[in-house]
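Structure first, commentary second.
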Number of protein chains: 4
Amino acid sequence: MAEALKTRVSRPIARGEKHQRILDAAISVIAEKGFFQARVSEIAERAGVADGTIYLYFKNKEQILMAAIDSAFAAFLERARAAVSDAAMPPEQRLSRLCQLHLETLGGNRDLALVFQTELRQSARFLAQFSRTRLVEYFDLIRSLVREAQSAGRFRPDISDKIAANCFFGAIDEMVTSWMLSEHQYSLAGAADAVMNVILKGMENRPPAE
Amino acid sequence: MAEALKTRVSRPIARGEKHQRILDAAISVIAEKGFFQARVSEIAERAGVADGTIYLYFKNKEQILMAAIDSAFAAFLERARAAVSDAAMPPEQRLSRLCQLHLETLGGNRDLALVFQTELRQSARFLAQFSRTRLVEYFDLIRSLVREAQSAGRFRPDISDKIAANCFFGAIDEMVTSWMLSEHQYSLAGAADAVMNVILKGMENRPPAE
Amino acid sequence: MAEALKTRVSRPIARGEKHQRILDAAISVIAEKGFFQARVSEIAERAGVADGTIYLYFKNKEQILMAAIDSAFAAFLERARAAVSDAAMPPEQRLSRLCQLHLETLGGNRDLALVFQTELRQSARFLAQFSRTRLVEYFDLIRSLVREAQSAGRFRPDISDKIAANCFFGAIDEMVTSWMLSEHQYSLAGAADAVMNVILKGMENRPPAE
Amino acid sequence: MAEALKTRVSRPIARGEKHQRILDAAISVIAEKGFFQARVSEIAERAGVADGTIYLYFKNKEQILMAAIDSAFAAFLERARAAVSDAAMPPEQRLSRLCQLHLETLGGNRDLALVFQTELRQSARFLAQFSRTRLVEYFDLIRSLVREAQSAGRFRPDISDKIAANCFFGAIDEMVTSWMLSEHQYSLAGAADAVMNVILKGMENRPPAE
DNA sequence: TATGAATGAGTCTTCATTCAT
DNA sequence: AATGAATGAAGACTCATTCAT
């Protein structure tokens, strides 16, 4: 009975832990080598398991990589949603917080930044739907904040929420990319205010100067 | 004899022409399959040459792909420079033209869009300097226009030209990406004004409303 | 001896039953997949035991498969011996009964037919002696009946019992094989008389027609 | 021009030769190891080519093995047809010739015998149609001779040509199998007359003894 | 120059077997 | 005795690159 209980309790944990170790190892390998250069044997090695063990948890190489990217993005999305959940805060300020979180998260995790900037897009193009779905969810989050700001009269009503979201996301995304390619010579999160200073100003609803 | 003569006369052209055919074929294959899924034998087939012939023109697969991407981007950059060369035009209007050209060019060439949005970034990460250099040149073009606009008092002086360029390029780039992933359901170039309406407004130098 | 006794007393039912379940599962898997395509894990699943449990009863995969085939054939041989044990019956009639039994048994058990026709031969070629020995025993049974018929003057004395047994067994065996490959479109046992009508006639001792 | 011609002439030969070398090597490996134990790398080694070269000639492992078996059987079938093509010879004598050829051919080529007796049957069960088709063609050849003998009043009309063919083929086939398993201690072809002495006698049309 | 058959290093994946529980 | 997660050896197959023609 103690045996059974122990087994029932410990196995799931052990299993989950190994599953996660493989996902983490996969992110690390993808970050370093890229999606198509990632080797199953290297993921196994970094996860501290045998090659064959990988296949107890994932159907094939593609599924490992997809799951790894998706799981990383899902976690990111989760935090993003939490960051903008305070309905009491004005929507443009929540967009600022989202920008801050985005730059902080990727600026603080080189592997994540590499994967997001180069591999997520690959997966969006070539691979199954779910990674793309995550991106769409992120966009929808931004768009809903934009519409909210428009409804509140804080953003100009004449701009499309889709285009606004593209400008918002594109500007932030490009900040990450150029930072990533520039070998991180500066603090990414430190640029958040400057970016928002341009983007939000471009959207704000101001009476024409007289 | 007629054969030989024909060969002798046409060769100089033929070489250049064959070289170019390989580059074009490479772009086409990369657009379809992606950088790492592109096969040398498929490039050869589309170029109408034997596999081995590729190696008379390029050292290895990486060099083909790099040269193809670089050459496509170089042509793009050339047109971009020409588009903003009219010093008589106000800088912010030249930025608008650049945006228009960017969206028109990629919106009108699916292969180019695919390569720029997903593979150029890959190459920027993994491959030799020259593709990255092109990107930097494009950025420098944007930054110089931004600085010019600042000097002329049209753009706010308090924003960094680098960040402004990131916002400008990022917004446009994201327009292309989302259009590309959305299966081109709308005219990309048609969105140029809307994007500039946000970005340029975000940079323009206006006295605060009182 | 103490070991044997202990086994016989304590585990007889449980051990024997699980052992047999594995053998049955093995026959079923071999029939479906073939000897070399049979998977240990599938045998374990069909036997309702864990993979590792298999190895408490058998040294390795080859031993399982060998034992399964051997056990199936041993049962068959047992019935064959019983069928021809009536010394009062004329030997050629006993050969007919053997033929009938052979066709009935395999015609009534698809798995057994598949295993006998394709896998027994494999095992005869590649695997240890014991399966082959069973075949030899079956042959010897046939040969002894042939010799008996010759002694009784019912079969021609000029034909070798070995060759006669080959003809007898070969004809029956081929009936099974062609039936098996033809998707069982007809009753196999129903052909027994027709086959014997050829084979026994070929062996019978008749004065030449004048 | 001479170059082109030479290429056009020599290449096909070279290709065909290598193709055949691979088939021969495959037969040899299958004979030794069996269908499912045959390794592509071993076939390549025996054929004197690199592993990858195999795949220039065959789509995958199964295709190699199938082609090898089929080609060997096709050659056998060809000879069989030639052996019984003399319409002037009585049909029962032609059946004897077929038996002789069958036993001679397999008795003289150990690899072929091994492949025919154990692997052809496997392929008939598991693999694509064409090997099975060959077997059917061989059977049809036998059946047509049986029917011819019946029409000529040499064979009893009351037996089915299908069952007669099974007896005929089964007896011969079993001779080969038992010879093969007995380590070839005797001349296989030498047994042809004895086998025919049983089988043909079993089929012959004789008035009942009075 | 041009060809394309040949090469073989490199990787994913399977599955018999082990062993800690 | 029983389990089944973990192992890792083995093997099919791909494809960039070479080189004889």
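Every chain is numbered from 1, with letters handed out A, B, ... down the list of sequences. Keep in mind that what you see is a predicted model, and the values were worked out from it rather than measured. Quick note: numbers below take in every heavy atom, side chains included, and nothing from hydrogens, waters or symmetry partners.
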Taking atom P in both E:dT1 and F:dT21, what distance in whole Å separates the two? 22 Å

How long is the span from the CG atom in A:Leu114 to the NZ atom in A:Lys33, to the nearest 0.5 Å? 13.0 Å

Can you give one letter per nucleotide of nucleotides 7-13 of chain E, 5' to 3': B if a protein heavy atom sits under 4.0 Å from the base, S if only from the sugar-phosphate, - if neither? BB--SSB

Expressed in angstrom and rounded to an integer, what is the separation of A:Gln37 atom CD from F:dC15 atom C1'? 14 Å

State the pairing partner of E:dT14; accept Watson-Crick or G-U wobble contacts with both distances under 3.5 Å, and report none otherwise. F:dA9

Minimum side-chain heavy-atom gap C:Asp70-C:Thr133 below 4.5 Å: no

Atom NZ of C:Lys33 to atom P of E:dC15: distance rounded to whole Å? 10 Å

Please state how far atom CD1 in C:Ile43 lies from atom C1' in E:dT17, giving the value in whole angstrom units. 14 Å

Quick one: look up who F:dA1 pairs with, Watson-Crick or G-U, both distances under 3.5 Å, and put none if it's unpaired. none

Report the distance from atom CD of C:Gln63 to atom C1' of E:dA16, rounded to the nearest whole Å. 14 Å

Starting from P on E:dA6, measure out to NE2 on D:His19 and report it in whole angstrom. 12 Å

note: C:Leu65, atom CG; E:dC15, atom C1'; distance rounded to Å ~ 14 Å

Out of curiosity, D:Glu119 CD to D:Gln117 CD, how far, rounded to the nearest 0.5 Å? 10.5 Å

Nucleotide forming a Watson-Crick or wobble pair with F:dT17, both distances under 3.5 Å: E:dA6

Can you check whether B:Thr118's main-chain N or O pairs, donor with acceptor, with A:Arg121's side chain at less than 3.5 Å? no

Please tell me if the side chains of C:Arg134 and C:Leu120 come closer than 4.5 Å, counting only heavy atoms from C-beta onward. no

Apply side-chain contact (heavy atoms from CB on, under 4.5 Å) to A:Leu23 and A:Tyr57, showing your working. CA-CA 10 Å; A:Leu23 288 180; A:Tyr57 295 89; over 6 Å; no

Atom-pair distance (OH on A:Tyr57; C1' on F:dT7), nearest Å: 12 Å

Roughly, in whole Å, what's the span from CD1 in C:Ile22 to P in F:dA1? 12 Å

More than 12 heavy atoms of other residues, nucleotides or ligands under 6.0 Å from CD of D:Glu45: is that the case? no

